[in-house]
Amino acid sequence: QVQLVESGGGLVQAGGSLRLSCTASGRTFSTNVTGWFRQAPGKEREFVAAIRWTGGTTYYKDSVKGRFTISGDNAKNTVYLQMNSLKPEDTAVYYCAGGRGDQPIGATVRYDYWGQGTQVTVSS
């Protein structure tokens, strides 16, 4: 099993920044990709960004490219999501996820482990 714990959410004004953290514990070798997803009220959970632990390749949802940056610290088993120029439409619960399946990076089914989520609220 892998346990994922997110932190760093909060309330911020439009144009502001937040940094989310996701720290993994347990059988972390059972995952090769860590992703961030978000879910707004009444909407489906959607892919935001992901990073491969081998090679460090990163992936982003089009609407966050240039504003969000995902990075990883192997020594700390931690993945970060730096979010800049935040918009009200970024408001959601953000989830960290880990997995090593063969499905597309943006597919929730690829991920076996999920954190509890952290709320991000962007006011206009």
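- Put simply, the side chain of Gln103 does not reach to within 4.5 Å of the side chain of Thr108, judged on heavy atoms.
- To the nearest 0.5 angstrom, Arg100 atom CZ is 11.0 Å from Thr34 atom OG1.
- Side-chain atoms of Tyr111 do not come within 3.5 Å of backbone N or O of Val33 as any donor-acceptor pair.
- From Met83, atom CE reaches atom OH of Tyr94 across 5.0 Å, with rounding to the nearest 0.5 Å.
- Note that Arg38 lies outside the cation-pi zone of Tyr95, set by a 6.0 Å cut-off to the ring centre and a 45° limit from the axis.
- Within the 4.5 Å cutoff, the side chain of Thr69 has no heavy atoms near those of the Leu81 side chain.
- With a 4.5 Å cut-off on side-chain heavy atoms, Arg52 and Ile105 count as touching.
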**Request:** Applying side-chain contact (heavy atoms from CB on, under 4.5 Å), run through Glu46 and Phe37 and close with a yes or a no.
**Result:** CA-CA 5 Å; Glu46 64 176 6; Phe37 289 75; 5.8 Å; no
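- Taking all atoms of both residues into account, the shortest heavy-atom contact from Lys43 to Gln39 is O-NE2, 3.1 Å.
- For the pair Arg19 and Tyr80, the cation-pi criterion (under 6.0 Å, within 45° of the ring axis) is fulfilled.
- The closest side-chain donor-acceptor pair between Thr31 and Trp53, if any, does not fall under 3.5 angstrom.
- Between Phe68 and Trp36, the distance separating the two ring centers is not shorter than 6.0 angstrom.
- One distance of note links SG of Cys96 with CG of Leu20; it measures 9.5 Å at 0.5 Å rounding.
- With contacts defined as side-chain heavy-atom distances shorter than 4.5 Å, the pair Val122/Val120 qualifies.
- Distance check, rounded to the nearest 0.5 Å: OG1 of Thr54 to CG of Asn32 gives 7.0 Å.
- Aromatic ring centres of Tyr59 and Phe47: separated by at least 6.0 Å.
- Residue Pro88 comes nearest to Ser124 through the heavy atom pair CG-CB, 3.8 Å, listed as atom of the first residue, atom of the second, then distance.
- Hydrophobic clustering (ILVMFWY, side-chain heavy atoms < 4.5 Å, transitive): Val93 and Ile70 are in distinct clusters.
- A salt bridge between Arg67 and Asp90 is present, with a side-chain N of the basic residue lying under 4.0 Å from a carboxylate O of the acidic one.
- Put simply, the side chain of Glu6 gets close to the backbone of Gly117: a donor and an acceptor are under 3.5 Å apart.
- We find the CD-CD distance between Gln3 and Gln116 to be 12.0 Å, quoted to the nearest 0.5 Å.
- Under 3.5 Å, the side chains of Thr91 and Thr121 contain no donor-acceptor pair of N or O atoms.
- Donor-acceptor pairing under 3.5 Å is lacking for the side chains of Asp73 and Thr78.
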**Request:** Walk me through it: do Leu11 and Gln119 pass the test side-chain contact (heavy atoms from CB on, under 4.5 Å)?
**Result:** CA-CA 8 Å; Leu11 172 64; Gln119 177 70 47; over 6 Å; no
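- The cluster map of Ile, Leu, Val, Met, Phe, Trp and Tyr, joined by side-chain heavy atoms under 4.5 Å apart, puts Leu86 and Val48 in the same cluster.
- Across all non-hydrogen atoms, the minimal contact from Gly56 to Ile51 is O-CG1, 4.0 Å.
- One finds the OG atom of Ser17 at 5.5 Å from the CD atom of Gln82 (value rounded to the nearest 0.5 Å).
- Trp114 has its side chain out of reach of Leu4: every pair of non-hydrogen atoms, C-beta onward, lies at least 4.5 Å apart.
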